[in-house]
Protein chains: 2
Amino acid sequence: MKRTAAAVKAKDAKPATRDPEGVRRDILTVAMEEFSQNGLSGARIDEIAARTRTSKRMIYYYFGDKEGLYRRVLEEAYGKVRGGETELDLEGLDPVAALERLCRFTFEHHRANPAFIRMVMIENIHHGRHMQTSDAIRGLNQPAIEALQGVLRRGQAQDLFRKGIDPLELHWQISALSFFNVSNSATFSHIFGGDLFTSEGQEILSRHVAEMVLRYVLRPDHLSAIGKTD
Amino acid sequence: MKRTAAAVKAKDAKPATRDPEGVRRDILTVAMEEFSQNGLSGARIDEIAARTRTSKRMIYYYFGDKEGLYRRVLEEAYGKVRGGETELDLEGLDPVAALERLCRFTFEHHRANPAFIRMVMIENIHHGRHMQTSDAIRGLNQPAIEALQGVLRRGQAQDLFRKGIDPLELHWQISALSFFNVSNSATFSHIFGGDLFTSEGQEILSRHVAEMVLRYVLRPDHLSAIGKTD
DNA sequence: GGTGTTCTGTACTGGTTGGTTAAATCGATA
DNA sequence: TATCGATTTAACCAACCAGTACAGAACACC
């Protein structure tokens, strides 16, 4: 449709008058804030439009309806946090150090992306109804499992790790600890106080999450390997 | 106000014509379903009213406004799942068995109360704004911490458990694993498949959550105590 | 510079929804 | 049984909000 001069030109010389792609991104960015903050039914299209440099009409022109916009925002959220594991250079580390790094990275990564966490929470409230129409999301987290699987295999080959650890299950456990830390901080800190959510508390939690995973995975006779990596 | 004959009578002979307390409970029950299913802004007062044996006006009569009703539902949700730990008879078990039972109970308890989980998720989406006005909730989970603390102390006294384990932090970890299992089952199973959420998968997860906690807490020279309790 | 297409602003609408008004009914009590 | 307060009903309303009609501007291509 537009793989002619326009596509090439758009990259360097931004046309001041028209900028469809920019408008789309602008809408998406604002919509992500609004949806992640207020949920699907709580978000207001008018509010999104007001905070955009364009108008409400554009939202409907580009995204069809509210759910269409929400779906794109959800995909965007999943897309933005994908990967990362691949740049950790886990293969270059010994299995214990690699697993620890992966845990701490996951914990930090979740912590650094509250908007993503909130989008996932919201989507779960909706029973994952909207992600079902999107194929883009499903394959996205596969690299995480594979990275984990690689580390596990190496650790088992060296008789450091116990046999029979399921990579998917371990990923579930690491995710649970990292996700809950962000998703439930409001209620948890209200009930039990905010000590765990200060920067010191979070550092401790992060360390202990990694330690918990390592103690779960390591063979008892190699537990002494914990804490020797940094 | 009504600690006369009416209060006594209400317990057995339900007056068919008027039953304020029954109406309140009826509203609360229906509202809990509606709110936990659709969230605060997604829930519809008219829908709640329609599913009640009373009218919309009554909701406003008893609960003031939508947020007032939501707040009471939230308190109700927290109240209904409180305790439980106290009836586990943890003191009658050796520390390892007690901790395992506590973990498995927590996991099961969360699993059996999805409406509660969803209410907590929703409240977290709202940054815990509504529970802040309710003092009733704050003290509710204290028994859980104390039960855990008791078990930890006994285990440490017997040199079974490592020193320096923080009961609150351990409670956080157990909660994280148990909560995430329910809260994120929709998105997780969509991305990774539903194997972990079959009844067999859940049984394995439950067992491994307890095992993970035990491996974290036990001194390495007592790791052999795992799995000997049932 | 004509022409079809893509994009954008303004004004509007119709259904939804939280909340209300005002009056009626019931139960107890004096 | 007259009265009073607590409870209930039915009709109503105003604000909100997702979505649209329509006119027109900018652009691509010939």
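Convention: sequence-line order gives letters A, B, ...; per-chain numbering from 1. All of these numbers come straight from a predicted model, not from anything done at the bench.
- Paired with L148(B) under the rule side chain to side chain contact (heavy atoms under 4.5 Å, CB included), one option of L102(B), L90(B), T106(B) passes, and it is L102(B).
- Here Y62(A) lies in heavy-atom contact (under 4.0 Å) with sugar-phosphate atoms only.
- At a cut-off of 3.5 Å, with distance as the only test, a side-chain donor of E123(A) or Y70(A) sits close to an acceptor on the other residue.
- Regarding I59(A), its CD1 atom lies at a distance of 13 Å from the C1' atom of dG9(C), rounded to whole Å.
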Q: Can you check each nucleotide of nucleotides 12-21 of chain D against protein heavy atoms at under 4.0 Å and return B for base, S for sugar-phosphate only, - for none, in 5' to 3' order?
A: -----SBBBB
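- Screening K66(B), R51(B), K56(B), R57(B) for a salt bridge (Lys or Arg N to Asp or Glu O under 4.0 Å) involving D46(B) leaves a single residue, K56(B).
- Between R53(B) atom CZ and dT9(D) atom P there is a gap of 10 Å when expressed in whole angstrom units.
- Contact check, S55(B) against dT9(D): a side-chain N or O comes under 4.0 Å of OP1 or OP2.
- No donor-acceptor distance shorter than 3.5 angstrom exists from the side chain of R138(B) to the backbone of D135(B), with no hydrogens or angles considered.
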Q: With side chain to side chain donor-acceptor pair (under 3.5 Å) as the test, would you mind laying out the steps for D26(B) and T52(B) before giving the verdict?
A: CA-CA 6 Å; D26(B) 186 22; T52(B) 312; 5.0 Å; no
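- Distance OH (Y61(A)) to C1' (dC22(D)): 15 Å, rounded to an integer number of Å.
- Side chains of Q202(A) and N181(A): a donor on one and an acceptor on the other come within 3.5 Å.
- A close approach under 4.0 Å does occur between a side-chain nitrogen or oxygen of T54(A) and OP1 or OP2 of dG9(C).
- Summarising the geometry, the separation between CZ on F63(B) and P on dT7(D) is reported as 12 Å, rounded to the nearest angstrom.
- Straight-line distance from the CE atom of M58(B) to the C1' atom of dA10(D): 12 Å, rounded to whole Å.
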